[in-house]
Number of protein chains: 2
Amino acid sequence: MPAISQRGQACPPSPIRKLVPFSDEAKKRGIKVFHLNIGQPDIETPANVLDKIRNTDLKVVEYSHSAGTLSYRKKLVEYYSRVGVTVSPDEMIVTTGGSEGILFAMITCLNPGEEIIIPEPFYANYNGFAVAAGIVVRPIESFIDNGFALPPISAFEKAITPKTKAIMICNPNNPTGYLYSKEELELLRDIVKKHDLYLFSDEVYREFCYDGKKHFSVMNLEGIEQNVVLLDSISKRYSACGVRIGVMISKNKAVIATALKFAQARLSPPTFGQIAGEEAVNTPESYLKGVLEEYVRRRDIVVESINRMEGCFCPNPGGAFYAVARLPIDDCDIFCQWLLENFSYQGQTVMLAPATGFYATPGQGKNEVRISYVLKVDDLKKAMKCLEEGLKVYPGRTL
Amino acid sequence: MPAISQRGQACPPSPIRKLVPFSDEAKKRGIKVFHLNIGQPDIETPANVLDKIRNTDLKVVEYSHSAGTLSYRKKLVEYYSRVGVTVSPDEMIVTTGGSEGILFAMITCLNPGEEIIIPEPFYANYNGFAVAAGIVVRPIESFIDNGFALPPISAFEKAITPKTKAIMICNPNNPTGYLYSKEELELLRDIVKKHDLYLFSDEVYREFCYDGKKHFSVMNLEGIEQNVVLLDSISKRYSACGVRIGVMISKNKAVIATALKFAQARLSPPTFGQIAGEEAVNTPESYLKGVLEEYVRRRDIVVESINRMEGCFCPNPGGAFYAVARLPIDDCDIFCQWLLENFSYQGQTVMLAPATGFYATPGQGKNEVRISYVLKVDDLKKAMKCLEEGLKVYPGRTL
């Protein structure tokens, strides 16, 4: 039997999925599992988007342009203008989910063996694409005690080697929920400019900013227009994860022209997803406003609940719908599995994502978990209660 | 400005798309262009499939399982059983088009720098994925004079090096239309077994076999079950290219488990596409029968027309909806561009794909073109007339 590739062996399993078998077992035993492990919102997709799909009158579901239909790209120009970003249809490639944009950015800008700096903890799937592309992730640590703010510039300087080609951020951040300020981004701009690096910015949670904070896009950082690659997706914005539509944007014509060659190899992004995406831009403002209010309620429950639990700490996230909490536990992987395998409270338990999967540095995040607040307030309260009761009796409790 | 990656520079442009600007120009000048350059059928998607999409009652368009929904995979088991292939739902990963399956197979089985042998001419986009994955395509020549039959085993033996990890075929073949016989595939099996290589088989045109010939799947080659990776797509079968749904199948558990990690990184294949795919298996047999008859009519027109033209030769393809023809021309890239830029016949011209793009060996295929017979019989006749008249007056004619 021929061997699996080394990169195939090196690709880490998804930290949000590896506990699924234990969750399935718990359900089989009749235990209700609250899923706070995955960023799959329960929010309804906007009705206008679903209606648009239902009313399509296509006769042949054809390939589209490899960069996405022109009509959708024009509509995206309208969307970005609304959020203060000026782009043209030829500065974007519609991608199959935000995921594909990450891969395109990596293979377009980095050679195998070259390095990308990412503050950790970071969205675990960046690892899978880096492994696929043969590039090396250089993590630099961010800290729970200051809410996972941007690491000091000195930490970036220290991590930069002759092989460094890019810095990647996610803003607002998955998994931490941290929202980078304009000032932090300007510090980042300076270092990107000084070393002539690419700056990849994953801004899929742009609309989810709380407490009156405003999102600042890297597209508006002056002086590094040719270095910036924006990665985006409609999955979270419109609770439409399954349509698999994202976009990769850059003012750098060589980046777009090169990514387009890879895009042509895979022919086109999904047709129905593009129809959904185009209509999504027409979604009434009240939809996002309602969603935002709902997430704030949920965030408040998670943060307040956890900070009331003995020995626990959860910074207050400024955006996205995730929080990373520090718990008095020996090992989050064991704890999360234990919650599914050995624990229940009133016939219920909770599924969390062990934070270790979001760190590239081995051993980091062992007493942290990521919580996606994607459930309704009532369920979220019950899930927090399960966590609280679980922590009281967990054998590996450290306090 | 930071540099584009070397692989980005190395990625060849799509041979079926690079002439699009000239085609657009021709249309602007009022010339009708018959598109025989691209494998986008004009056949209607089955009505039951489109109806199914219109009648979805989803409230939230969620991620599916990363390997595809279980209900779709079960339905695929039914489909494969019908075509004589026995598989189970856990031996498959639903992919975003056949394209993604090609990438998954490559990164799962080959390390950067390792080699894959592919008979040329071959589907040009294999190049894009090989470049993305950092692997090396080793072409071995097949010949128009015997209709592009499988090259002799000695040619494979000669091409095998310590870095060779896989052989890839497309059957029936794009771009040649050649249908490999069971006997040819058994020769291939022997060499795969002897050197313990992977065998990737792209069988997306399985249903399009002509003149009573039967398709034989590599899944039924005995003794190399652990070596075979089947790549498939519903794009051509049901004229549903835009849904972006394919599948990667292997009896090798390590291959599927590893590909699943990459699949998890990109979360899931498109939801609406999977709904379409599941329903597509219910498509009445009369649909495919009608499509097949239509393609035979078209093939006959193309093959007969070209073989009547002076100095031209077109083998009779046993499958798919492509043919590669040898023309009395100096350079197919120049000729195809000239047809769009400098030629018209009764206000019409034809767009073909230069065959050079389907060869990895520089200089090969210079007097060949690929013709996709994806237009209605009347248009196809007019397109053939354009080709005939064009050849008469083309300045680079060699005979």
Side-chain angles (χ1 to χ4, degrees), chain A residues 1-2 4-8 11 13-14 17 40 42-45 50 53-54 56 58-64 66 96-97 99-100 107-112 125 128-129 132 134 165 196-198 226-227 239-244 252 254-255 258 261-262 264-268 270-273, chain B residues 1-2 4-8 11 13-14 17 40 42-45 50 53-54 56 58-64 96-97 99-100 107-112 125 128-129 132 134 165 196-198 226-227 239-244 252 254-255 258 261-262 264-273:
Chain A
M1 195 188 310
I4 293 297
S5 70
Q6 283 141 28
R7 61 180 146 196
C11 185
S14 165
R17 308 239 177 176
Q40 169 59 62
D42 63 340
I43 306 277
E44 290 191 3
T45 312
L50 293 169
I53 297 286
R54 289 190 200 101
T56 48
L58 292 174
K59 294 272 183 246
V60 188
V61 188
E62 298 188 342
Y63 293 124
S64 73
S66 296
T96 304
S99 307
E100 190 181 60
I107 60 180
T108 295
C109 302
L110 283 85
N111 288 310
N125 289 328
F129 300 112
K165 203 68 182 291
D196 201 20
L197 304 174
Y198 284 105
Q226 298 300 309
N227 304 64
S239 195
C241 299
V243 302
R244 311 310 300 130
N252 184 320
V255 166
T258 303
K261 292 193 290 180
F262 292 114
Q264 284 178 338
R266 66 72 164 117
L267 303 166
S268 68
T271 298
F272 289 109
Chain B
M1 196 190 308
I4 292 298
S5 71
Q6 283 141 28
R7 61 181 147 194
C11 184
S14 165
R17 308 240 177 173
Q40 168 58 62
D42 62 340
I43 304 278
E44 289 191 6
T45 311
L50 293 170
I53 296 286
R54 288 191 201 100
T56 49
L58 293 175
K59 293 273 183 244
V60 188
V61 189
E62 297 189 344
Y63 293 124
S64 73
T96 305
S99 307
E100 191 182 57
I107 59 180
T108 294
C109 302
L110 284 84
N111 288 310
N125 289 328
F129 299 112
K165 203 72 181 291
D196 200 21
L197 305 175
Y198 284 105
Q226 298 299 309
N227 304 64
S239 195
C241 299
V243 302
R244 310 310 299 127
N252 184 319
V255 166
T258 303
K261 293 194 289 181
F262 291 114
Q264 285 178 339
R266 65 75 162 117
L267 303 166
S268 68
T271 298
F272 289 108

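Letters A, B, ... mirror the listed sequences (proteins, then strands); counts begin at 1. Keep in mind that the numbers below use all heavy atoms, side chains included, and drop hydrogens, waters and symmetry copies.
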With respect to chain B, which residue among [options] yields the maximal number of heavy-atom pairs within a distance under 4.5 Å?
options                       : answer
A/G97, A/P112, A/S64, A/G134  : A/P112
A/A240, A/G128, A/P13, A/C109 : A/C109
A/L267, A/D42, A/V61, A/L110  : A/V61
A/P270, A/S14, A/A132, A/G273 : A/P270
A/S99, A/S66, A/P2            : A/P2
A/I4, A/T258, A/L50, A/T108   : A/I4

Hey, does B/I53 have a side-chain heavy atom less than 4.5 Å from the side chain of A/I53?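 SC-SC contact between A/I53 and B/I53 confirmed.
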Are A/R244 and B/P269 packed together at the side-chain level, in the sense that at least one heavy-atom pair is separated by less than 4.5 angstrom? no
Leading residue by heavy atom contact count with chain A [cutoff under 4.5 Å; candidates [options]]:
options                        : answer
B/N252, B/I107, B/V243         : B/I107
B/V255, B/N111, B/T271, B/N125 : B/N111
B/S239, B/A254, B/C241         : B/C241
B/R17, B/Q264, B/K165, B/E100  : B/R17

Distance (rounded to the nearest 0.5 Å) between B/R54 CZ and A/L58 CG: 7.5 Å
Inter-residue atom distance A/T96.OG1 - B/R266.CZ, 0.5 Å rounding: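 Here the interatomic distance stands at 10.0 Å.
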Under a 3.5 Å distance rule, please check whether A/Q40 uses its side chain to pair with a backbone N or O of B/Y63 as donor and acceptor. yes
A/K261 side chain to B/G8 main-chain N or O, any donor-acceptor pair under 3.5 Å?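 Here the side-chain-to-backbone pair exists.
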For residues B/A265 and A/F129, report the shortest heavy-atom separation together with the two atoms involved.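 In this case the closest contact between B/A265 and A/F129 is O-CZ, 3.3 Å.
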